[in-house]
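Please read the structure below before turning to the comments.
Worth knowing before you read on, the calculation uses all heavy atoms, side chains too, and leaves out hydrogens, waters and symmetry mates.
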Amino acid sequence: MERILTIFLIGISFGSILFLLSAGLSLTMGLMRIVNLAHGAIFMVGAYVGLAVTNITGHFTIGLLGGAVAAGLVGLIMEAGFLRRLYKQESGQVLLTIGFIYIIMNVVQWIWGAKPLSGIVPGSLSAVIGIGDFYFPVFRFFMIGFGLLMAVLLWLFQDKTKVGATIRAGMDNRQVATALGINLKRLFTAVFALGSFVAGLCGLLGAPLMGINLQVGWDALLLAMIVVIVGGTGSVQGTLLGAMIIGLVDAFGKAYFPDIAYFAIYVALILILLFRPSGLLGRPFSIQKTAEEMTQSVTLSAKMPLSIPAATGLRKPGARQRLYRLAPFIGAACVLIMLGPLLPSFYLGMLTKVLIYAIFAISLDLMMGYGGLTSMGHAAFLGVAGYTVGILAVKEGIGLFWVLLPAGIVVAALISAIIGYICLRVSGTYFLLVTIAFGQLLAIVATKWYKVTGGTDGLVGIKRPDLGIPGFNLGPIGFYFLVFIALVVCFAVLYRIVTSAYGRALVGVRENEPRMRSLGYNTWRLKYVAIIISGTVAGVAGVFLAYYYGAMVPSTLAIEMSTAGMLMVILGGPGTLFGPFIGAIVVVLGENISLTYVPDRWPLILGGIFILCVMLLRGGFAPYLSRLYQRFRPEPARITDLGGVPDLGEVPDLRES
Amino acid sequence: MLELQNVETFYGERQALFGVSLAVPKGAVVGMLGRNGMGKTTIIRTIMGINPPRRGSVRLNGREIAGLEPDRIARLGIGFVPQGRGIFPSLSVKENLTIAERRNEDGTGWTLEKVYDAFPILKKRQRQYGNLLSGGEQQMLSIARALMTNPDTLLMDEPSEGLAPMVVNDISVIIRELKASHSVLLAEQHMNMALAVADYIYIINKGTVVHESSPEELSNNVDICRRFLGVC
Ligand SMILES: Nc1ncnc2c1ncn2[C@@H]1O[C@H](COP(=O)(O)OP(=O)(O)OP(=O)(O)O)[C@@H](O)[C@H]1O
Ligand SMILES: [Mg+2]
């Protein structure tokens with residue numbers, strides 16, 4: 001009995017911290033309909049600054065406030081300085097917050113170093129209370145009390161004040177709220193800063209449970225996200241309920257099923273998604289965008305250059321046209337072929353990596369660029385394929401490439417079919433969150449399932465592909481060419497897919513799903529197929545990555561890998577295929593150059609590029625390159641050749657045919 | 001005075017208004033009649049700034065307002081009564097009213113008390129949540145909410161939609177009373193109601209004005225009614 005009470009209290013105290021952490025995220029998601037992916041990083045700022053202020057002033061309370069103010073300021077700068085400029089472009093806003101994660105984390109590392117710090121418990125709260133045979137720290141009671149107090153305050157604020165009513169009005173119906181004279185932009189900024197403030201407030205408070213280290217930025221994001229999905233967005237009660245459930249599930253899971261405790265909260269998440277995708281107490285979020293908002297998004301994305309390669313060609317392209325269209329690809333292929341034997345081995349290795357990442361990036365482009373399914377868990381597909389190769393090669397001693405490649409691909413396809421099915425229960429920003437959760441879930445599996453995956457040590461000793469030709473050993477150049485062929489095949493397959501009727505229908509879903517549905521398309525199936533194909537191709541990249549490193553470690557599955565893929569797509573140009581390829585070159589080379597000159601500042605640079613790209617270069621490099629190339633076209637201008645031509649007006653006509 | 005000149009509005013690439021010109025003089029009730037999907041709501045959303053026009057001008061008291069944000073336009077003195085009423089379901093009746101509240105500079109005009117006097121039923125229901133009201137009550141709340149912003153001009157989009165004839169009568173009485181202090185642009189499909197309250201009528205068809213006249217003249221013009229409204 002006492003044991004259960006103790007576990008219960010542990011769960012509730014963790015739940016209180018989770019509530020404080022998630023309240024702001026829930027509020028901004030409900031009102032602004034975007035997810036601030038940097039929310040965990042802001043929480044982390046609260047913890048670090050809070051600790052520093054406490055150490056300087058000697059007062060824990062001042063430390064808490066200091067952390068909260070710092071976090072609130074970061075939120076304010078993010079919203080007023082950046083997000084606001086992308087008003088109504090929700091996907092751009094979400095991407096922007098990813099850039100901030102990198103920047104915030106790297107700046108924190110710059111100031112405080114990479115070594116984990118430990119949280120503090122003020123002397124007055126450091127006592128323990130005996131519950132039967134168990135001891136329970138007073139500090140945990142303080143967490144519970146503080147969390148509940150804040151819950152009541154936030155609830156009073158949101159449900160009883162005029163500002164709170166205005167916020168709810170904005171959540172209910174933005175359009176009418178603005179048309180009644182409410183300045184929603186100002187409200188967004190205020191709410192965003194408030195949410196960051198509350199998260200920062202619990203950074204130091206939660207430190208004994210969450211730790212103070214660089215990983216917290218991601219951990220906190222994942223936890224907050226799960227709480228918000230379980231509880232539902234936009235209401236204090238929902239967040240509190242979600243936080244307590246997750247806190248208790250975690251505590252009881254750790255106590256009774258220590259081996260699988262890490263999965264318990266993910267199981268809760270998946271159950272909620274399957275049976276109640278809008279959360280326990282939530283308002284439906286993103287799932288039901290009004291028709292008006294859908295059309296607005298069309299108008300907005302019309303500004304963003306998109307390309308539907310060859311889709312709008314009215315006549316069949318002639319030989320010259322086809323040559324013109326293929327020339328850059330043939331040229332690039334020739335360069336890559338010639339570089340193979342010419343490059344010194346270090347650079348050849350780098351180029352091999354570029355090509356592997358390029359496969360990964362173009363696979364993501366099908367989902368993200370063409371299907372509008374922004375995924376932040378794409379590394380999961382790459383990772384499972386890689387692990388399949390690793391397990392078969394290292395544990396089972398199977399060496400034959402012709403077994404390992406299909407095995408990896410099939411597993412990636414299976415996993416994407418399962419994950420895709422669950423993810424498609426929700427859409428928009430929620431989709432993004434769920435993909436993150438799955439990526440993380442698999443990373444945890446890889447870490448914890450020591451017997452099979454080798455845990456954090458990973459699987460080491462994967463040899464270069466054995467092609468099964470007697471007397472032939474694949475060297476670095478041979479491996480490079482093998483990857484090259486894989487890239488060419490993947491590119492060709494994806495190119496065929498996006499230029500087919502299916503590909504055009506997929507773009508239609510991205511632009512206006514209700515309309516496609518009313519035209520009789522099974523939009524769910526269109527998206528589901530895109531996820532499976534995309535995951536399968538990512539599996540190809542995974543197989544080669546495992547060979548490339550000769551090892552598989554859990555970080556290959558993790559969120560950083562997924563965001564790297566996203567960055568390649570965004571930087572190069574979503575919905576163009578060749579853009580993400582260029583993105584892969586830029587990112588891999590950028591990382592290598594930066595590691596040579598400023599080894600610790602690469603994330604900062606990466607985050608900066610990300611933000612610049614989202615704010616200024618919507619559509620990435622690709623449209624500029626294709627416009628440049630179109631100067632050399634052999635015949636008078638026609639709408640499409642290489643792609644990269646914004647012409648959304650054509651899309652509806654295509655769909656109708 | 002609210003004035004539209006050659007307004008063209010698009011949804012994405014699709015044009016919905018093809019050069020609409022109309023005027024709402026001070027203190028007048030101007031009706032817009034037209035069948036489903038002819039562009040009445042689009043005209044109102046264009047004025048409100050929700051769907052800004054691509055070409056043409058929208059002037060309020062001589063000032064160009066096309067291209068301003070909706071909240072800015074609202075604060076310049078336009079009250080919005082959306083089609084379908086647009087009540088905030090998670091706000092109480094009272095909150096629905098107070099969040100819109102905006103006083104005139106000289107302190108005159110509508111206040112919560114005055115609105116409650118004019119719509120006693122809202123006072124009785126003030127603690128209820130918006131989505132629990134009846135259709136007629138919701139419509140009154142929507143009008144009352146727009147009044148709380150103390151506008152010069154009210155844009156009303158099909159206030160009679162889905163209401164019982166008795167209730168439509170009540171709404172007509174309210175609109176006629178408002179005429180003393182406000183200009184009103186009223187989109188309607190309910191021809192008799194529009195003819196009863198409006199000083200001037202425009203007929204909208206496929207995104208253009210196809211006829212304009214006084215209500216009396218229109219009620220005598222059977223041909224126009226039959227062609228564009230499908231009645232008489
Ligand atoms: N959000 C939208 N996206 C695309 N087209 C739209 C949208 N809203 C309206 N339309 C189109 O614009 C045209 C005018 O519509 P509008 O809603 O203005 O008509 P209406 O006269 O108000 O009709 P009703 O009497 O049914 O309210 C219609 O053809 C409609 O299909
Ligand atoms: Mg209408």
Side-chain angles (χ1 to χ4, degrees), chain A residues 30-31 84 87-88 158-188 234-238 281-284 290-303 511-512 515 646-653, chain B residues 9-16 41-42 44-45 47-52 54 68-103 112 129-131 142 144-151 155 157:
Chain A
L31 179 64
R84 180 181 271 214
Y87 186 57
K88 283 188 186 165
Q158 204 179 336
D159 278 26
K160 301 291 166 210
T161 66
K162 186 171 162 187
V163 180
T166 314
I167 291 173
R168 277 177 287 136
M171 291 180 182
D172 278 350
N173 193 334
R174 269 195 217 194
Q175 217 159 57
V176 173
T178 9
L180 289 172
I182 292 167
N183 186 340
L184 273 187
K185 283 193 197 179
R186 221 166 50 197
L187 196 66
F188 285 175
S235 81
V236 177
Q237 299 93 305
L281 292 182
R283 22 180 104 228
T290 61
E292 285 93 296
E293 281 166 327
M294 287 303 300
T295 32
Q296 272 179 349
S297 80
V298 173
T299 338
L300 282 166
S301 54
K303 281 186 215 145
E511 291 308 319
N512 193 341
R515 183 174 156 80
D647 199 327
L648 266 181
E650 297 285 343
V651 177
D653 300 346
Chain B
T9 302
F10 290 69
Y11 288 106
E13 290 310 306
R14 188 154 166 251
Q15 187 159 8
T41 300
T42 309
I44 285 183
R45 292 163 63 89
I47 300 170
M48 209 58 246
I50 299 170
N51 290 88
R54 193 170 289 185
L68 297 183
E69 291 287 326
D71 56 315
R72 199 64 222 298
I73 293 175
R75 288 196 296 272
L76 288 173
I78 296 194
F80 183 44
V81 183
Q83 184 162 13
R85 295 141 205 160
I87 300 302
F88 302 115
S90 54
L91 271 63
S92 67
V93 167
K94 187 175 171 188
E95 283 173 330
N96 262 289
L97 293 169
T98 49
I99 60 146
E101 181 167 19
R102 205 165 39 247
R103 298 284 171 86
L112 190 61
Y129 279 87
N131 50 351
S142 187
R145 186 179 62 183
L147 292 177
M148 289 293 284
T149 69
N150 279 302
L155 309 180
D157 200 347

Taking salt bridge (Lys or Arg N to Asp or Glu O under 4.0 Å) as the definition, give me every residue that meets it alongside B/Arg103, ordered by chain and number, with sequence neighbours left out.
B/Glu101
With sequence neighbours left out, write down each residue that passes salt bridge (Lys or Arg N to Asp or Glu O under 4.0 Å) with B/Arg102, or none if nothing qualifies.
none
Is it true that a side-chain atom of B/Asn96 and a backbone atom of B/Phe88 form a donor plus acceptor pair closer than 3.5 Å?
yes
Salt-bridge criterion met for B/Asp71 and B/Arg75 (N-O under 4.0 Å)
yes
Less than 4.5 Å to any heavy atom of chain A: does that hold for the side chain of B/Ile73, its backbone, both, or neither?
neither
Please flag which part of B/Pro82 lies under 4.5 Å from any non-hydrogen atom of chain A: side chain, backbone, both or neither.
side chain
If you tally heavy-atom pairs under 4.5 Å between each of B/Arg72, B/Met148, B/Arg145 and chain A, the highest tally belongs to B/Arg145
Heavy-atom pairs under 4.5 Å with chain B are the metric here; pick the option from A/Asp159, A/Val163, A/Asn173, A/Leu184 that has the most.
A/Asn173
